[in-house]
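Chain identifiers are assigned alphabetically (A, B, ...) following the order of the sequence lines, protein sequences preceding nucleic acid strands; residue numbering begins at 1 within each chain.
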2 protein chains.
Amino acid sequence: MERKNKAPSIKDIAEEAGVAISTVSNVINKKGMVTKKTSFKVLKAIKKLGYRPNIIARSLRTKKTKTIGVILQDISNPFGSHVIKGMEEVARKRGYVLILGCTFYDKEEENRQVNVLLSQFIDGLIFISGYDNNSLVERIHKKGLPVVVADRELNNKNIPSVLIDNKEAMIKAVDYLCKFGHKNIGYVTFGTEGQTTTRKRYLGYIEGLKKNNLPVKEEYIIIDESLRLKETDRTYDVMKNFIKGHRLPSAFVTLSDVNAFGLIKALKKSGLRVPEDISVIGFDNVYFSNFLDPLLTTIKQPKKLMGKKAMNLLIDIIEKKNIDDINIKLPTKLIIRDSVSYPAEDNIKI
Amino acid sequence: MERKNKAPSIKDIAEEAGVAISTVSNVINKKGMVTKKTSFKVLKAIKKLGYRPNIIARSLRTKKTKTIGVILQDISNPFGSHVIKGMEEVARKRGYVLILGCTFYDKEEENRQVNVLLSQFIDGLIFISGYDNNSLVERIHKKGLPVVVADRELNNKNIPSVLIDNKEAMIKAVDYLCKFGHKNIGYVTFGTEGQTTTRKRYLGYIEGLKKNNLPVKEEYIIIDESLRLKETDRTYDVMKNFIKGHRLPSAFVTLSDVNAFGLIKALKKSGLRVPEDISVIGFDNVYFSNFLDPLLTTIKQPKKLMGKKAMNLLIDIIEKKNIDDINIKLPTKLIIRDSVSYPAEDNIKI
DNA sequence: TAATAACATAAAAACGTTTTTTTAAAAGCA
DNA sequence: TGCTTTTAAAAAAACGTTTTTATGTTATTA
């Protein structure tokens, strides 16, 4: 009397409807020729048994999984989470599913993740803001797996990408400070190599100074690898320390908003006012930039849009749609708020 | 002369090594009996051809996909992204892969997502902070698919869950304000029904007042459904508006930190000081709570831990490990910073 | 030494689809 | 009518694994 409660298969439907398996398949996929009458019978059986195609079996046969892998460094970072948000939205709407892998800034982990995902499991891969592991991405690309790189500049223009112009954006930031008459502009970053974003932004900072006929002063450039991980916390610690005993510039540019947050906290705790004593400008326009005190002046990156564009591009490639440009460049914008003002008397020292 | 560049299959390995397919399988899975010698031959062939098992085919046979679905409302929310971070970490370490679905607070979307994931595709499902769609989760549970609910209280204690005690936590917040002598304590939330978190926290607020012999004053309770989406922005707008023309309490409790951020901005823009004029207490201990001005006093939720616990619980269930308790309760903690002080003269009105 | 047990491997079946091939019936045409 | 073409459906093959069953050695035992 007992009955196995297995999910019905296409075979069960075929039996129930009294037709062949292939006919059921044809009905499901609207392929081949099948009369209204048989189609109806099949549809009825499907409904009756509550049948759902097994996507694993389907994938095995079609070699398509409708699954897209996304590898990024840290999902809890506000930049990353907004990019993912855009990706997820597009994937879902286009019938794909998104699988997420975080590398936590670990190069080995990046390799491992790629290997996991590459096991003939995903239809395509998006790399977002990993290391400049050109060889890794190129290996995948050569293998024939559709891949898109987001927020990272590759030399190989054959690899599809979605980017902003980090250098140009950073020049904008420096220009803006110069308009206020700042002559001593510091820079806070966790590195100038490794990732194209950090490198290009640093280059933009340097070029911005040159463009405005300002000398590069090493003493105002803080490069600290340890900021990478707990970005805001560490920036606070490092800058708190830096502030005592160092000459300070009249303004700081930071690699990203989260660094700016830490910097501003450090400045305030040291008795300095922002922007009256020191101006600060961020990068990213993270949501909370607009709730800090002072509201943070920053460079806006279209985070969610970047995610959407990257996902659309990838799926277009997977589905062999016509594509005009595989290297998409997104605009940035200076968001003027309250953290920049005129320089105080030159070069404060506590 | 042309050669198909297909990935090698187990069959190719068998041929290369001169053994049967089943033997190769046994070597790969360390099952059955196979001599060192054959094993070596097989391993050599695997290496030579760069063979990797096709997980789709494996899944079809074993009925295990090593894939876990996670449904949450919004990945860009700092609470959600930290929970996911914890989940991803555990999943990865235990050999699973995480697929992500966002519902954006849309009940229909929630249903759709579940249906997508349920197509015999995932080994288990984690629901985090969705609507009180008891029936939905129970349907899944009854179907036999391992499921864990995080950050949401269900009546049915047979369904595994990982939670905090929202009510008790909120009472702590009210208690703390009362210790400072606050008699008029307001509450800001986007709803008191729908999600258990919002309901329980509201109940905690009410019970906290009672416990401290304070009357519930409707005039100080702001419930605004629109806060749900752009939480901080909307809270700012709504509270900015509320502040003019209303009597204000001497302190506010908020549903979550992101609401507190908006509230504080609104208070400041209205010329009020926090905490000198009005005290504010948040909920979540989002990373940026520690960089606001003033640093936000708040209730800490172990976000990442919640993600880890939920994922571990789910995988334990999937792998039929021994489990002592399927309803895990995580501790909360009051984090004392700078946004709470003694009440100013009673009841400010601008 | 012959029967049996243990071991190592091979062969075949199964998972649930899609795709290709085959078959049978109906329709079209000279 | 008899032959070809078209149409609809069935049957079989294939996808790449794991699992079950079968087979042939070698070792063990009486």
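In this structure, B:N327 contributes its side chain and B:I159 its backbone to a donor-acceptor pair below 3.5 Å. B:D123 places a side-chain N or O within donor-acceptor distance of the main-chain N or O of B:K66, the cut-off being under 3.5 Å. Judged purely by atom type and a 3.5 angstrom limit, A:Q113 uses its side chain to pair as donor or acceptor with the backbone of A:C102. Of the possible polar contacts, one joining the A:D12 side chain to the A:S9 backbone as a donor-acceptor pair under 3.5 Å is found.
Within 4.0 Å of A:M33, counting heavy atoms only, lie sugar-phosphate atoms of the nucleic acid but no base atom.
The stretch residues 35-45 of chain B does not touch DNA chain D, since none of its heavy atoms comes less than 4.0 Å from the strand.
To the nearest 0.5 angstrom, A:I46 atom CD1 is 11.0 Å from A:E16 atom CD.
B:N156 has its side chain out of reach of B:V137: every pair of non-hydrogen atoms, C-beta onward, lies at least 4.5 Å apart.
Heavy-atom neighbours of B:K157 NZ from other residues, nucleotides or ligands within 6.0 Å: above the threshold of 12. Within a 6.0 Å sphere centred on NZ of A:K309, other residues, nucleotides and ligands contribute 12 heavy atoms or fewer.
Taking 4.0 angstrom as the limit, B:K63 places a side-chain polar atom (N or O) nearer than this to OP1 or OP2 of C:dG16. Between A:T23 and the phosphate of D:dA9, there is no side-chain N or O to OP1/OP2 separation shorter than 4.0 Å.
The residue among B:L60 and B:G32 whose nearest nucleotide of DNA chain C is located toward the 5' end is B:G32.
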Exercise. What string of B, S and - do you get for nucleotides 18-26 of chain C 5' to 3' if you count protein non-hydrogen atoms under 4.0 Å?
Worked result: BB-------
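Between its two ends, the helix from C:dT1-D:dA30 to C:dA30-D:dT1 turns its axis by 60°, counting five pairs per end and rounding to 10 degrees.
Remark: P of D:dT17 and CD of B:E15 are 13 Å apart, rounded to the nearest angstrom. The distance from atom CZ of B:R52 to atom P of D:dT17 is 12 Å, rounded to the nearest whole Å. For the pair A:I46 CD1 and C:dT17 C1', the computed distance is 13 Å after rounding to whole Å. For the pair A:K11 NZ and D:dA12 P, the computed distance is 13 Å after rounding to whole Å.
Between B:K107 and B:E110 there is no salt bridge, since no side-chain N of the basic residue sits under 4.0 Å from a carboxylate O of the acidic one. Between B:E109 and B:R112 a salt bridge is recorded (basic side-chain N to carboxylate O distance below 4.0 Å). Using a 4.0 Å cut-off between a side-chain N of Lys or Arg and a carboxylate O of Asp or Glu, B:E89 and B:K93 qualify as a salt bridge.
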